[in-house]
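Numbering of ligands and ligand atoms starts at 1, following listing order. What you see is a predicted model; the values in this text were computed from it and never measured.
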Amino acid sequence: MTLERANSSRKWRAGILGATGAVGQQMIQLLAGHPWFTVAELGASERSAGKPYRTAVHWNLNGSFPPAVGDLVVKAAVPPLECDFVLSALDAGVAGPIEEEFARAGYPVISNSKNHRMAEDVPLVIPEVNADHLDLIATQRERRGYTSGYLVTNPNCSTVGLAMALAPLERAFGVAEVFVVTMQAISGAGYPGVPSLDILDNVIPHIGGEEEKVQTEPRKILGRLSGGAVKFSEMKVSAHCNRVHVLDGHTESVSVRLRRSASLAEVREALSTFAGEPQKLRLPSAPAHPIVVTEDSDRPQPRRDRDAGNGMSVVVGRIRPCEIADFKFTLLVHNTIRGAAGAAILNAELLAERGDLPHRDRVEERIAAQNRA
Ligand code: NAP
């Protein structure tokens, strides 16, 4: 446990940017009763700013938001906000410059959006897989002249499930090639998302920009950090991305070609025993099993399996030999929890545990002391 955490009986105050959207709502629901973080500020567009959250939001989740959050007045997504860090679920059309502005103003920015994921000096992190990439924060600050602020990102919702399943295979056997077909839920498109007349009774074989993300992000996540830069994994990924008529939970059919030969039992063992820093550190949102391997021949299924590990576990099933590659399997990831809101919160917990999430008053005291010196 870090000093900052050990000395901290108070909670960190989180600001949520994009608080009214699909992912922002999920963040608010996941943070209800969180042991370390409390929701202190909400930011969204001019359409919502100035309104209490309860009237600004079109709530789409089961249950309701905590009454105290309903009373918070939504602000414009501009610094300063009264919080220690921000979780960003902003529309990708506006996230880039807004997130940079917060980082420049001294806020740790933990983002879901695509805008900064592939920047050379920005960590793209799944805590179980590449927690060490957070060391890039130092390079980023030096390069960009940020003082206490920084940008950390989590991957695209389909990438999270894929990279988590590939990580133990890459470590144990090396992964040479991946062929993946995704069947992605409607909630992945935000609200109001895909019109009902387009998606009911239908499959749409195109999601703008998605295949490029699924093909490149895993290579950065599974890459090695060395000398202040990530050397990408050399694996090749080919993706077909489809939108299907499912509310939550992205299903992916995956074939992999390995670099070293492995038996079916070894592949199953590598997947089912996979764990990382969140499990070691017992972070509040960490599932006991980041990958749950099912033996049932007709699972995983989105309606039945998306809530495994409170939506934080990736469920893998139907592991079997592949006639073209080496092995094939089906995986399921809850797109708004492990694929978005829960991923960002787990990153924040890891940053807090590492001592990279100072309370804002300490930051201000430090800056004042530096100015006096
Ligand atoms: P969404 O439902 O469309 O919500 C977008 C949010 O951005 C809303 O709170 C909206 O506020 C706010 N916003 C829009 N324009 C703004 C502006 N000019 N200034 C400030 N705020 C503005 O989208 P979402 O599905 O939650 O996705 C949020 C981000 O996460 C996107 O970048 C998306 O690509 C990424 N992501 C989503 C998923 C998923 O499963 N949905 C998964 C991974 C990553 P108003 O309500 O005031 O308009």
If we only count N/O pairs under 3.5 Å, is [X] in contact with ligand 1?
X: Gly21; answer: yes
X: Gly24; answer: no
X: Ser113; answer: yes
X: Pro155; answer: no

| query | Which atom names give the shortest non-hydrogen contact between Pro290 and Ala275, and what distance separates them? | reply |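 It is CG-CA, 3.9 Å.
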
| task | Kindly give the heavy-atom pair with the smallest separation between Ala286 and Gln279, and that separation in Å. | result |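 So the two residues come closest at CB-NE2, 4.0 Å.
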
Considering only heavy atoms of [X], which atoms of ligand 1 have at least one such atom less than 4.0 Å away?
X: Ala92; value: 32 (O)
X: Tyr191; value: 2 (O), 3 (O)
X: Ala340; value: 42 (C), 43 (C)
X: Ser48; value: 45 (P), 46 (O), 47 (O)
X: Gly190; value: 2 (O), 25 (O)
X: Ala44; value: 11 (O), 20 (C), 21 (N), 47 (O)

| request: To the nearest 0.5 angstrom, please state how far the CD1 atom of Ile324 sits from the CZ atom of Arg257. | output: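 Here the interatomic distance stands at 12.5 Å.
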
| So how far is it from Glu353 CD to Glu277 CD, rounded to the nearest 0.5 Å? |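 Glu353 CD to Glu277 CD: 9.5 Å, rounded to 0.5 Å.
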
Report the nearest protein non-hydrogen atom to [atom]: residue, atom name, distance rounded to 0.1 Å.
atom: atom 43 (C) of ligand 1; answer: Gly339 O, 3.4 Å
atom: atom 19 (N) of ligand 1; answer: Ser45 CA, 3.7 Å
atom: atom 40 (O) of ligand 1; answer: Asn335 ND2, 3.2 Å
atom: atom 5 (C) of ligand 1; answer: Asp91 N, 3.9 Å
atom: atom 48 (O) of ligand 1; answer: Arg47 NH2, 2.6 Å
atom: atom 27 (O) of ligand 1; answer: Val23 CG2, 3.8 Å
atom: atom 8 (C) of ligand 1; answer: Thr20 OG1, 3.4 Å
atom: atom 30 (O) of ligand 1; answer: Asn112 CB, 3.7 Å

| query | Who gets closest to atom 18 (N) of ligand 1 by heavy atom: Val94, Asn60, Ile337? | reply |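 It is Val94 that holds the nearest heavy atom.
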
| Which option out of Ile16, Val57, Leu90 puts a heavy atom nearest to atom 31 (C) of ligand 1? |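 Looking at heavy atoms only, Leu90 sits closest to atom 31 (C) of ligand 1.
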
| query | Hey, is atom 33 (C) of ligand 1 under 4.0 Å from any protein heavy atom? | reply |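 So atom 33 (C) of ligand 1 lacks protein heavy-atom neighbours under 4.0 Å.
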
| said: Would you say the rings of Trp12 and Phe85 are close, in the sense that their centroids are separated by under 6.0 Å? | reply: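 Distance test on ring centres: not under 6.0 Å, no.
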
| task | Using the salt bridge (Lys or Arg N to Asp or Glu O under 4.0 Å) rule, take Arg260 and Asp326 through it: C-alpha gap first, then chi angles, then the decisive distance, then the call. | result | CA-CA 10 Å; Arg260 289 186 293 287; Asp326 290 321; over 6 Å; no

| task | May I have the step-by-step check of salt bridge (Lys or Arg N to Asp or Glu O under 4.0 Å) for Glu128 and Arg338, ending in yes or no? | result | CA-CA 12 Å; Glu128 282 89 346; Arg338 176 54 96 156; 2.7 Å; yes

| field | Ser187, portion touching ligand 1 at heavy-atom distance under 4.0 Å | value |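 The part of Ser187 near ligand 1 is the backbone, not the side chain.
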
| N/O donor-acceptor pair under 3.5 Å between Thr153 side chain and His116 backbone |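 No.
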
| Okay, side chain of Tyr150, backbone of Asp356: is any donor-acceptor separation there less than 3.5 Å? |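 Checked: pair present.
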
Which donor-acceptor pairs under 3.5 Å do side chains of residues 243-252 form with protein atoms, sequence neighbours excluded?
{"from": "Arg243", "atom 1": "NH1", "to": "Ala185", "atom 2": "O", "distance (Å)": "2.8"}
{"from": "Asp248", "atom 1": "OD1", "to": "Ser187", "atom 2": "OG", "distance (Å)": "2.6"}
{"from": "His250", "atom 1": "ND1", "to": "Ala185", "atom 2": "N", "distance (Å)": "2.9"}

| message | Using the rule that Ile, Leu, Val, Met, Phe, Trp and Tyr join whenever any side-chain heavy atoms are under 4.5 Å apart, tell me whether Leu283 and Phe274 fall into a single cluster. | response |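 No; Phe274 is not reachable from Leu283 via cluster members.
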
| query | Should Leu357 and Leu151 be regarded as members of a common hydrophobic cluster, given that ILVMFWY residues are connected when their side-chain heavy atoms come within less than 4.5 Å of each other, either directly or indirectly? | reply |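 Unlinked, Leu357 and Leu151 end up in two clusters.
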
| Should Ala89 be listed as contacting ligand 1, given a heavy-atom distance under 4.0 Å as the test? |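 Contact check Ala89 vs ligand 1: positive.
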
| message | Yes or no: does Thr336 have any heavy atom under 4.0 Å from an atom of ligand 1? | response |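 Yes, that is the case, since the closest heavy atom of the residue is under 4.0 Å from the ligand.
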
Can you give the donor-acceptor pairs under 3.5 Å from side chains of residues 217-226 to other protein atoms, not counting sequence neighbours?
{"from": "Glu217", "atom 1": "OE1", "to": "Asn156", "atom 2": "N", "distance (Å)": "2.8"}
{"from": "Glu217", "atom 1": "OE1", "to": "Thr159", "atom 2": "OG1", "distance (Å)": "3.2"}
{"from": "Glu217", "atom 1": "OE2", "to": "Arg117", "atom 2": "NH1", "distance (Å)": "2.9"}
{"from": "Arg219", "atom 1": "NE", "to": "Ser233", "atom 2": "O", "distance (Å)": "3.0"}
{"from": "Arg219", "atom 1": "NE", "to": "Met235", "atom 2": "O", "distance (Å)": "3.2"}
{"from": "Arg219", "atom 1": "NH2", "to": "Ser233", "atom 2": "O", "distance (Å)": "3.2"}
{"from": "Lys220", "atom 1": "NZ", "to": "Arg117", "atom 2": "O", "distance (Å)": "2.7"}
{"from": "Lys220", "atom 1": "NZ", "to": "Ala119", "atom 2": "O", "distance (Å)": "2.9"}
{"from": "Lys220", "atom 1": "NZ", "to": "Val122", "atom 2": "O", "distance (Å)": "2.7"}

| task | Kindly assign one of parallel, tilted or perpendicular to the pair His34 and Trp36, based on the angle between their ring planes and the thresholds 30° and 60°. | result |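 Answer is perpendicular, since the angle exceeds 60°.
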
